[in-house]
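Hydrogens, waters and symmetry mates are skipped; everything else that's a heavy atom, side chains included, is used. Both counts, for ligands and for their atoms, begin at 1 and track the order of listing.
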Amino acid sequence: EIEIKDLTICKTTQQMLEKARRDGVETAFDRAANMKACPIGADSACCKHCSMGPCRLNAKDPYGKVGVCGATIDTIQARNFARMVASGAAAHTDHGMAMVDLFREVVTGHIKEYRIKDVGKLISVAQSIGIETEDRSVEEIATDLYKELERTYTQVEGEIPFAKRVPEKTLETWRKLGIVPRGSMREIMELMHRTHIGVDQHYENITKQSSRTALADGWGGSMVATEISDILFGTPTPIAVDVNMGVLKEDHVNVIIHGHEPNMFESMLVSVNEPTLVQAAKDAGAQGINLVGMCCSGAEMMSRHGIPHAGNFMSTEAILVTGAVDVMCVDIQCIKQGLVSVADCYQTPLITTNTRAHIEGATHIEFDDHDPQKCTDEVVIKAITRFKNRTAAIEIPDIKNTGIHGFSHEYINYMLGGSFRGSYTPLNDNIINGRIRGVAGVVGCTNPRIKQDWAHVELVKELIKNDVLVLQTGCSQISLAKEGFLTPEAAYLAGPGLKEVCETVGMPPVLGMGSCVDNSRILIAASEMVRVGGLGTSIADLPVVGAAPEWMSEKAISIGHYFVASGLYTVFGVTFPIVKETKFHKLLFDGLEKQGLGKWGFSADPYEMARMMIAHIDKKRKELGIDK
Ligand code: NFS
C-alpha cells in the first residue's frame, strides 16, 4: 500500500485519506494506484474512431505499422489530440453559452433575479469590440453586446468579436495561417468532422483546425464566460479569503458547491442568507449556514465575494470523509462519479443541478435561471435535514490558509499603475529593467497520478525565486493558496527583483485570477503588455510562458493549445499523449513556433519545467534586447 504522504502534500487531504482508510472508503487515489494507465493510450498510439479497429500501433516503432484504414501514427495522434481540444473547447464554450443565455434573459427582462451589476465592465467590454456607448442607455448597450457576443458561438463566416482584442501582429499571423475562429459551434463541428475516419489525414492540417478551435475557446467561449460573469456578478478585486478544509464548521450547516458555472452558486448565496432558512437552521440546532466552494465556481465565488474555498479537484472526495458536509451540490465538469459512494458512506446528500449532468445514484434537483431559488432553497432544506439527523462521526482538519485572491486583469492594471495612470506600463517597465524577469501562468488540475499539489508548489517556488511573476487560476491557485503563497508576506520567497516590486506595491508574488475560464484574463493581460509597448509587437514576442504541471482534463489540453496558438510556450507535466520523435511531436514541440505561434513543452519534473520556462523567458528577453 502506498504511503499517504506520497499521494498528496495537502495536510488536510492526508488526514482525511487516513480516516478514509480507517473507514474502509475508497477514493480516486486508491483507484489510480490499483489501475495502471493503459500504456498504448498514454502514448496516444491507438485509434478507436471506427469498427475496423480499434487499432494499436507500436510506440517503440511508430512507423512500423499503420491502422486498418492506413492511418499513420501522425494522423492517429493528431486526431486524438484534436478530439481532446474539441471536447475541452466544447466544455468551456457550452459553459459560456449558459452565461450568454442568462445574459440574454436578463437584458430582455425575462429574468429579474439577476441584474447587470458591473456597468463599468459592460461599457469597457462593449467598447473593446467597437460598440457605441456614448449617450446610450445600459439596456441599449447590453442589447448590442448580447447580439455581438452571441456571434462568438453561432457565426458561420467572419471573425469572432474578441478577435478585435488580439494584438495586430498576432492576428496577422492567424490570418495568414487561416486559423482566426469564425464561431465556436462551427469550429468544433468542423474539427469533429475532420477527425472522423477517412476525412482529414494530414497531421498538419488537422492541427490547424485544432488551433482554430482552441482559439475559439480562449478568445471565444472562455472569454465570454469570464466577461459576462463579471458584468452580471461583478469584476473581482483583491479580497482576503480562507482556503482549505478548516473552513468547514462543525456547529454550522455546511453547504459545499463544487462545479463551474457561477449562476447556481450566486443563487445559493441568496438562499443561505434567506432569513427563514437561517432560522430553520438555528431551529435544527446549528449556529448558522456555512457556504463554501470547491474547484472552479468556488474559485470564482472566492474571487468575487470572498466565499471560503475548501479545496481543489483531488480533495473533493476527501472532504466528504470529514462527515461534516451536510450537502454537496454540483453542476458541471470535474465532478467525479466516485463522489456518489463516498457521499453515501457519510449520509451526505449529493445533489446534481444541471440538466446536462446527472449522476446515477445522486439526487437531481434541476436549477433554472428563471426561478433560481426554487432549486437552491430546496438544497439548503436538504442540508438542514441532514444536519439535524447527523450520525457520521465528524473530524474536520484544523487548517485554513488566508490569502489574497481576485486579481482580475483590470485590477492588475490599476494596482501597478495607480488610479490615475492605470496601465500595464509599470509592469512592462519592471520587465524591461529586469526586476521582473518574465511572467508565467501556472494553472490547471490536480491528478492522482502525481503527488497532489507538489508539482504546482515546487514549480512556482522555482519561478518566483528566479524573479518570474506568477499568475494563477483554477485548482493550481488553490494548491499554492494552501501553502501560503498568495500573501504579500510570501514575497520573501521571491528573488530580489520581484521581491522589491511586491514590497513596493504590497502584492503577493503569486496573483490568483480565478477559475479556468479566467485563463482568458491572462490572454488579455498579455495583449495589454503588447499594446503598452517595449516588449515586441506580438504575444509571441513576450517573455511570458504557461504551465499545467498536474493537468488531467481535456479542457486543460484546449487551454494549453490556445496558449500555444496565441504565441506562448506552454509546458505540461505528468504525462503527454504523444510519441516522441514523430512528425506530429515535432510539429507541436517545435514546428508551430516556426510558424509564428508558441510551442508545447513537457516534463514530469517541476524543476526541469522551471528551467525550461526560464530559459524561454531569457531567450525572449535576448531577442527583445533587454537581457542584462
Ligand atoms: Ni480546470 Fe476547473 Fe480543476 Fe482542472 Fe477541473 S476544476 S476548469 S479542469 S480539475 S483546474
Enquirer: Verify whether one side chain among Ser515 and Gln477 offers a donor that lies under 3.5 Å from an acceptor in the other.
Expert: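 No.
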Enquirer: Got a sec: is Cys296 within less than 2.8 Å of atom 3 (Fe) of ligand 1 via an N/O/S atom?
Expert: no
Enquirer: Classify the ring geometry between Phe81 and Phe584 as parallel (under 30°), tilted (30 to 60°) or perpendicular (over 60°).
Expert: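 Perpendicular, since the angle between the ring planes exceeds 60°.
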Enquirer: Atoms of ligand 1 less than 4.0 Å from Cys295 heavy atoms?
Expert: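 Numbered from 1, ligand 1 contributes 6 (S).
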Enquirer: Could you tell me if any non-hydrogen atom of Gly444 lies under 4.0 Å from any atom of ligand 1?
Expert: yes
Enquirer: Do the side-chain N and O atoms of Ser87 and Glu554 include a donor-acceptor pair separated by under 3.5 angstrom?
Expert: yes
Enquirer: Is it true that the side chains of Thr213 and Glu187 contain a donor and an acceptor less than 3.5 Å apart?
Expert: no
Enquirer: Please state which protein non-hydrogen atom is closest to atom 1 (Ni) of ligand 1 and give its distance, to 0.1 Å?
Expert: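 The answer is Cys516 SG, 2.3 Å.
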Enquirer: Just to confirm my output: which protein heavy-atom neighbour is closest to atom 4 (Fe) of ligand 1, and how far is it?
Expert: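 Nearest neighbour among protein heavy atoms for atom 4 (Fe) of ligand 1, to 0.1 Å: Cys445 SG, 2.5 Å.
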Enquirer: Distance to 0.1 Å, residue and atom name: give those for the protein heavy atom nearest to atom 5 (Fe) of ligand 1.
Expert: Cys334 SG, 2.2 Å
Enquirer: Just checking: His260, one of its N/O/S atoms, less than 2.8 Å away from atom 2 (Fe) of ligand 1, yes or no?
Expert: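 Within the cut-off used here (under 2.8 Å), His260 does place an N, O or S atom near atom 2 (Fe) of ligand 1.
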Enquirer: Within a 6.0 Å radius of atom CD on Glu366, are there more than 12 heavy atoms belonging to other residues, nucleotides or ligands?
Expert: yes
Enquirer: Can Met552 be said to touch ligand 1, with heavy atoms closer than 4.0 Å?
Expert: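 Right, Met552 reaches ligand 1.
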Enquirer: What atoms of ligand 1 come closer than 4.0 angstrom to any heavy atom of Ser553?
Expert: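 The atoms of ligand 1 under 4.0 Å from a heavy atom of Ser553 are 8 (S).
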Enquirer: In this structure, does ligand 1 have an atom that sits under 4.0 Å from one of the heavy atoms of Gln333?
Expert: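 So Gln333 does not count as touching ligand 1.
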Enquirer: Are the charged groups of Glu458 and Lys461 less than 4.0 angstrom apart, N to O?
Expert: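 Between Lys461 and Glu458 there is a salt bridge, with a charged N closer than 4.0 Å to a carboxylate O.
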Enquirer: Against heavy atoms of Cys475, which atoms of ligand 1 measure under 4.0 Å?
Expert: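 Near Cys475, the atoms of ligand 1 are 3 (Fe), 6 (S), 9 (S), 10 (S).
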Enquirer: In terms of side-chain heavy atoms, does Lys451 have a donor or acceptor partner in Thr8 at a distance below 3.5 Å?
Expert: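 No donor-acceptor contact under 3.5 Å links the two side chains.
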